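This report concerns only the one structure given below.
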Amino acid sequence: AAAPSPPASQASEPRRRGRPPKGAASPPKSPRADKVRVLFTGVDVGAREQKCLRDMRAEQGTPRTATHVVTAPELKRTMKLLAAVSVADHVVSADWLYACGKAKAKVDEAAYAVVDAAREKEWRFSLAASLAANARGVKVLAGYAVAVAPGAHDVAKLPANPDLKDMVECAGGAFLRAPPTTPPEGSWPKGLLLVGLPELLVESSKSRAASKCLAALGNLQPATVAAVLEPAALYSTILAKKLDPKRCLKVPKSLKGKCL
């Protein structure tokens, strides 16, 4: 005997292929999912490169929006790279762009991925591992604020504040133009990272820059500073997505109470 038909209330209507059930929420679409945004750094951009972008229906990106960074095979620690390495999916050579232009579509990036073993060893990071961490949502500076130590600009050539802001915020941190005397409560639970230099932390120094730095540190609230880093150490932290305590500068004993 044939099986009895289910009651009308339980009968289900056939669904159209590819459509979600009625009333189901559609999955959010990533704004990065279907658009290639190319950031150039360390390479010349001319008519050929612009034509390739048009032919593959891509657009030029910024350090904050780039999906692909096109750069020279020998890595340079440019501010664009230091910002985009926290958000981009790929760092490739210009040959990838030319291949895309020829195909008039995005081609696989694997054969064009930049690998610079010498620079990666020198800067203590793996570019491939760093980019893979982006897909997992890793933000090495999340929970930190970053500020340039007073006096640092007087003794070293540091990037401009807008470039530092891009780099820090792409890595999940908060960039401050100056160390605040009273931090906003709960705004950066991991503390303040100061970008400084060893000579700024010498109490016996007669340098005006050192005096400026030490005075500013003395005005901070207790347990504010997470670490003082030289610029190169901060760059390596962002590239490797890991803060190495061994690279933190020593703070004078009189200011230990300002540190976490």
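What you see is a predicted model, and the numbers here were worked out from it, not measured in a lab.
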Ser126 versus Glu120, closest heavy-atom pair with distance =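 In this case the closest contact between Ser126 and Glu120 is CA-OE1, 3.5 Å.
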Identify the heavy atoms of Ala145 and Leu176 that sit nearest to each other, and give their distance.
->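 Smallest interatomic distance, heavy atoms only, reads CB-CD1, 3.8 Å.
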Approximate separation, where rounding is to 0.5 Å, of Asn134 CG and Ser86 OG =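 Interatomic distance, Asn134 CG to Ser86 OG, rounded to 0.5 Å: 6.5 Å.
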Would you say Ser130's side chain and Leu239's backbone share a donor-acceptor pair under 3.5 angstrom?
->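 The answer is yes, because a donor-acceptor pair under 3.5 Å joins these two groups.
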Could you tell me whether the side chain of Ser205 and the main chain of Leu201 form a donor-acceptor pair under 3.5 Å?
->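 No, the answer is negative, given that no donor and acceptor are paired below the 3.5 Å cut-off.
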Does the side-chain hydrogen bond (donor to acceptor under 3.5 Å, both in side chains) test come out yes or no for Ser254 and Glu203, once each step is laid out?
-> CA-CA 9 Å; Ser254 62; Glu203 290 183 300; 2.3 Å; yes
Could you tell me if the side chain of [Y] sits less than 4.5 Å from the side chain of [X], heavy atoms only?
X	Y	result
Tyr98	Cys52	yes
Arg247	Ser236	yes
Val87	Arg64	no
Asp89	Leu131	no

Using only heavy-atom distances, determine whether the side chains of Thr41 and Thr71 contain a donor-acceptor pair under 3.5 Å.
->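 No donor-acceptor contact under 3.5 Å links the two side chains.
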Under a 4.5 Å side-chain heavy-atom rule over Ile, Leu, Val, Met, Phe, Trp and Tyr, are Leu194 and Leu197 clustered together?
->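 They do not share one cluster, since no chain of ILVMFWY contacts under 4.5 Å joins Leu194 to Leu197.
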Quick one: are the ring centres of His68 and Trp96 less than 6.0 Å apart?
->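 Centroid distance His68-Trp96: below 6.0 Å, so yes.
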